[in-house]
Amino acid sequence: MIYHFLYPFYTTISAFNVFRYITFRTIYGGLTALLICFLLGPWIIRKLQEMQVGQFIREEGPADHLKKAGTPTMGGSLILFSVTVSTLLWTQLTNAYVWIVLFCTLGFGLIGFIDDYLKQVKKHNLGFCAQSKFTSQVLVAFITAVFVYLVPDFSTTVTVPFFKHIQPDLGWAYIPFAMLVIVGTSNAVNLTDGLDGLAIGPVIIAAGTYMLFAYVAGHVKIAEYLQVQYVAGSGEITIFCAALAGAGMGFLWFNAYPAQIFMGDTGSLSLGAALGTVALITKQEFLLVIVGGLFVIEALSVIFQVGFFKMTHGRRIFKMAPLHHHFELKGWKEPKVCVRFWIIAITLALIALSTLKLR
Ligand code: 57M
């Protein structure tokens, strides 16, 4: 919005020329989202407490978690508000990718909000029934995938990390592939959100990583030099990623151990969907397996645990899945699990960035 209102005046006020630069708008997009979270955080925590939107803690979880009962949840609403306001302020509103990523992020946020509301406010322990929740996710992901597919000149090839000459063209099959990326990432982040700061840390790291990939993909000369696919218009997604990281840092201020607020499915489902959509737009789909490797590891730990449990009629691979609970039950304190998982996430992000040269 600022771009449209202020940049045209650069002929009279030359300083306004700065609004044309994605780098400038990225920095202030991130800072705006961070500031909104800082300013609204205490207020929203008080409001959620007044509304008694407190987390219900399941008995079968780690004993340490029982003292968390009543912690305000649905904090994802704070993240989504900050990201949306900052994105609308700092991006070019004529950019289709901006509206597509906002649609998907807010669509999944609404699904999570309904689930949180039914569970925490209406005290329906199961919340949104699993089938309705999954069907809603598939529907939002389908609409998003069709929107991306229909963007003029959007390529339906997929990029394989480390192999620049392998770029299979999926054609119409890109739509189901894109749906899988969005729904899979959304649910992987959801599973990961089980300790204070555990999910939001890697989300910040992944958003920061894709911020760089979006800038490269949207810059014709840099994309050519690094031999990555140029995606016209994807540069504006750099600003969205910065807003995501900024809002995530603002939320982490309150979600750090001992958490004053949880993000809820409102946050976890939407943040995962946002990362999945960004991966599609920047043509770095498979790279998400590396950038979001921690989410993949957490989801695989559940898949292996449940599969092994069923195959062996009751035996477990881990003390408890997802993996973070296994280390908790091994005696690691919550902050230690969290920081060590962040270290893994940062390492994976650096490996992902190295693919820009190792190809
Ligand atoms: C999402 N939700 C947290 C909070 C957060 C199939 C099975 C693996 C499903 C899985 C499950 O229920 N996943 C749901 C994880 C929950 O966090 C809430 O949910 C939102 C995210 N969706 O924002 O509102 C609990 O996590 C803790 N928490 C924090 N700090 C945070 O910042 O401490 C969350 C955020 C919160 C709080 O205690 O209540 C969750 O863990 O449910 N199930 C599990 O993950 C369960 N694992 C399990 O059953 N393992 C089995 C089988 C099924 C694999 C096994 O290993 O044999 C664990 N989670 C719970 N109880 N709650 C263990 C049992």
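Heads up: numbering here begins at 1 and tracks the sequence. When a ligand or atom number is given, it counts from 1 through the structure's own listing order.
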Inset, instruction - Under the side chain to side chain donor-acceptor pair (under 3.5 Å) rule, collect the residues that match up with Ser268, sequence neighbours excluded. - result: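 For Ser268 the side chain to side chain donor-acceptor pair (under 3.5 Å) partners, ignoring immediate neighbours, are Asn190.
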
Which of the ligand 1 atoms, numbered from 1, are nearer than 4.0 Å to a heavy atom of [X]:
| X | answer |
| --- | --- |
| Asn255 | 32 (O) |
| Val306 | 54 (C) |
| Leu195 | 28 (N), 29 (C), 30 (N), 31 (C), 32 (O), 33 (O) |
| Arg316 | 55 (C), 57 (O) |
| Met263 | 23 (O) |

N/O separation below 3.5 Å, [X] to ligand 1:
| X | answer |
| --- | --- |
| Phe262 | no |
| Lys319 | no |
| Ala259 | no |
| Leu191 | no |

Between [options], flag the one that comes closest to [atom] by a heavy atom.
| atom | options | result |
| --- | --- | --- |
| atom 45 (O) of ligand 1 | Cys338, Pro322, Ala299 | Pro322 |
| atom 1 (C) of ligand 1 | Thr73, Asp116, Ile303, Asn190 | Asn190 |
| atom 6 (C) of ligand 1 | Asp115, Val302, Asn187 | Val302 |
| atom 59 (N) of ligand 1 | Glu328, His324, His325 | His325 |

Inset, instruction - Tell me which part of Met320 gets within contact of ligand 1: side chain, backbone, both or neither, using heavy atoms under 4.0 Å. - result: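 It is both backbone and side chain that touch ligand 1.
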
Inset, instruction - Could you see which bit of Leu198 sits under 4.0 Å from ligand 1, with heavy atoms only: side chain, backbone, both or neither? - result: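 No part of Leu198 comes within reach of ligand 1.
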
Legend entry - Pair Asp169-Thr157, side-chain donor/acceptor within less than 3.5 Å: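 Absent: no donor and acceptor within the cut-off.
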
Legend entry - Side chain Glu298, main chain Leu323, donor-acceptor under 3.5 Å: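 A pair under 3.5 Å: yes.
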
Inset, instruction - Measure the distances from the heavy atoms of Ser268 to every atom of ligand 1 and state whether one is below 4.0 angstrom. - result: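 Yes; Ser268 lies near enough to ligand 1 that a heavy-atom distance drops under 4.0 Å.
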
Inset, instruction - Work out whether the distance between some heavy atom of Glu334 and some atom of ligand 1 is less than 4.0 Å. - result: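 Under 4.0 Å: yes for Glu334.
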
Looking at [X] and [Y], does any basic side-chain N land under 4.0 Å from a carboxylate oxygen?
| X | Y | answer |
| --- | --- | --- |
| Lys47 | Glu50 | yes |
| Glu285 | Lys283 | yes |
| Glu328 | Lys319 | no |

Inset, instruction - Compute the centroid of each ring, for Tyr174 and then for Phe154, and state whether the two points are separated by less than 6.0 Å. - result: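 Here the rings of Phe154 and Tyr174 have centres that are less than 6.0 Å from each other.
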
Inset, instruction - Answer with yes or no after comparing the ring centroid distance for Tyr149 and Phe177 against a 6.0 Å cut-off, counting only values under it. - result: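 No - the distance between ring centres of Tyr149 and Phe177 does not fall below the 6.0 Å cut-off.
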
Inset, instruction - Sequence neighbours left out, what passes side-chain contact (heavy atoms from CB on, under 4.5 Å) with Leu110? Give chain and number order. - result: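 Expected list: Ile114.
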
Legend entry - Pairwise side-chain contact, Leu280 with Ile182, heavy-atom cut-off 4.5 Å (strictly under):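 When only atoms from C-beta onward are counted, Ile182 and Leu280 do touch, with a gap below 4.5 Å.
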
Inset, instruction - Indicate, with yes or no, if Ile36 and Met263 share a hydrophobic cluster defined by side-chain heavy-atom contacts under 4.5 Å among Ile, Leu, Val, Met, Phe, Trp and Tyr. - result: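 Same cluster.
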
